[in-house]
Q: 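Let me give you the structure first, and then I'll get to my questions.
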Amino acid sequence: MSEPLDPAMFDSCPSVSAPIRFGDKWTAKIITCLEAGPRRFSELQAPLRGITPKVLTESLRAMERDGMVTRTAYPETPPRVEYELTPLGRSLLGPMAVGCEWIRAHMDELVESREAYEKRQDIPA
């Protein structure tokens, strides 16, 4: 039998919400879009199929709040706004690459496990 879990096991962890949550659909994709340099809002929308302007705005604001991107507004007509990764945001590129590699290496196993689970639960695929 295993030892009981320590009720204080997370006491040393900061209480700040993680900037990238497992299951978050957009943050990692936005970081990837900004890897090569600054982008305008409309440029980000193109590869992020399915994201609404509202959700993209909310995601960019949250990333700006967390210090992962900067927003630069240029005093032009029409107004031009660009988003760029900060050094903190750029520091996520390495861990994200490792995560993507893990997914590539284990995708078949993940799909098989999900299908087997759904079959056991009588969940239509």
Side-chain angles (χ1 to χ4, degrees):
M1 172 157 287
S2 321
E3 291 290 319
L5 292 174
D6 178 3
M9 67 190 290
F10 297 113
D11 286 355
S12 64
C13 295
S15 61
V16 176
S17 296
I20 295 184
R21 297 173 306 280
F22 289 102
D24 178 272
K25 186 173 182 177
W26 301 111
T27 303
K29 290 179 180 181
I30 293 169
I31 289 171
T32 301
C33 289
L34 294 172
E35 182 175 4
R39 298 287 178 179
R40 295 178 75 168
F41 189 90
S42 59
E43 290 179 285
L44 293 171
Q45 283 182 301
L48 299 174
R49 294 184 194 105
I51 195 168
T52 64
K54 179 182 184 255
V55 170
L56 180 54
T57 297
E58 290 170 353
S59 297
L60 288 166
R61 283 185 184 155
M63 293 171 71
E64 184 179 10
R65 180 200 67 218
D66 289 341
M68 294 191 302
V69 299
T70 57
R71 178 186 185 274
T72 305
Y74 296 93
E76 301 173 354
T77 305
R80 177 171 57 103
V81 176
E82 290 183 339
Y83 297 90
E84 184 172 15
L85 287 177
T86 63
L88 179 62
R90 195 162 285 288
S91 72
L92 287 168
L93 292 168
M96 285 173 36
V98 171
C100 287
E101 185 56 38
W102 184 90
I103 290 169
R104 278 191 285 276
H106 298 283
M107 183 56 82
D108 291 342
E109 295 168 78
L110 291 168
V111 170
E112 288 172 14
S113 292
R114 288 177 181 178
E115 289 172 352
Y117 176 85
E118 290 170 357
K119 194 173 191 176
R120 288 191 308 273
Q121 303 298 318
D122 276 337
I123 299 172

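Here the structure is a predicted model, which is why all the values come from computation and not from measurement.
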Q: Other residues, nucleotides and ligands only: do more than 12 of their heavy atoms fall within 6.0 Å of CZ on Arg80?
A: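 Yes, enclosed.
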Q: Any heavy-atom pair between the side chains of Arg61 and Thr57 that's under 4.5 Å?
A: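 Yes, side chains in contact.
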Q: Distance from Thr52 atom OG1 to Trp26 atom CH2, nearest 0.5 Å?
A: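 So the OG1 of Thr52 and the CH2 of Trp26 are separated by 8.5 Å.
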Q: CE of Met68 to CG of Leu85: how many Å apart, nearest 0.5 Å?
A: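 Going from CE on Met68 over to CG on Leu85, the span is 9.0 Å.
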Q: State whether Arg104 and Glu101 are salt-bridged, where the test is any N-O pair (Lys NZ or Arg NE/NH1/NH2 against Asp/Glu carboxylate O) under 4.0 Å.
A: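 Here Arg104 pairs with Glu101 in a salt bridge, since their nearest N and O are under 4.0 Å apart.
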Q: Indicate the atoms forming the closest heavy-atom contact of Ile30 with Ser59, along with that distance.
A: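 Looking at all heavy atoms of both residues, the closest pair is CD1-CB, 3.6 Å.
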Q: Taking the side chain as C-beta and beyond, is there a heavy-atom pair between Thr27 and Met63 under 4.5 Å?
A: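 Result yes, sub-4.5 Å side-chain heavy-atom pair found.
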Q: How many angstroms lie between atom CG of Leu93 and atom CG of Leu34, to the nearest 0.5 angstrom?
A: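 Those atoms lie 9.5 Å apart.
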Q: Which value, rounded to the nearest 0.5 Å, describes the distance between Leu92 atom CG and Arg90 atom CZ?
A: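 One gets 11.0 Å once the value is rounded to the nearest 0.5 Å.
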Q: Using only atom types and a distance under 3.5 Å, with no angle test, would you say the side chain of Arg71 pairs donor to acceptor with the backbone of Glu82?
A: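 No, the answer is negative, given that no donor and acceptor are paired below the 3.5 Å cut-off.
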Q: Any Lys/Arg nitrogen of Lys119 or Glu115 sitting under 4.0 Å from an Asp/Glu carboxylate oxygen of the other?
A: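 Salt bridge: no.
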Q: Answer yes if Met107 and Trp102 sit in the same cluster of Ile, Leu, Val, Met, Phe, Trp and Tyr residues linked by side chain heavy atoms under 4.5 Å apart, and no otherwise.
A: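 Yes, it is one cluster - the side chains of Met107 and Trp102 are joined through contacts under 4.5 Å.
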Q: Within this structure, what is the CE-NZ distance for the pair Met96 and Lys29, rounded to the nearest 0.5 Å?
A: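 It is 11.0 Å, given to the nearest 0.5 Å.
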Q: Could you tell me which non-hydrogen atom of Thr86 sits nearest to which non-hydrogen atom of Thr70, and how far apart they are?
A: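 Between these two residues, the closest heavy atoms are CG2-CG2, 3.5 Å.
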Q: With rounding to the nearest 0.5 angstrom, report the CG to CG distance, Asp66 to Leu88.
A: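 So the CG of Asp66 and the CG of Leu88 are separated by 8.5 Å.
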Q: Can you give me every donor-acceptor pair (side chain of residues 37-49, partner residue at least two apart or in another chain, under 3.5 Å) with its distance?
A:
| residue | atom | partner | partner atom | Å |
| --- | --- | --- | --- | --- |
| Arg39 | NH1 | Glu43 | OE2 | 3.4 |
| Glu43 | OE1 | Arg40 | N | 2.7 |

Q: Starting from the C-alpha separation in whole Å, work towards a yes-or-no answer on salt bridge (charged side-chain N to carboxylate O under 4.0 Å, His left out) for Lys54 and Glu58.
A: CA-CA 6 Å; Lys54 179 182 184 255; Glu58 290 170 353; 3.1 Å; yes
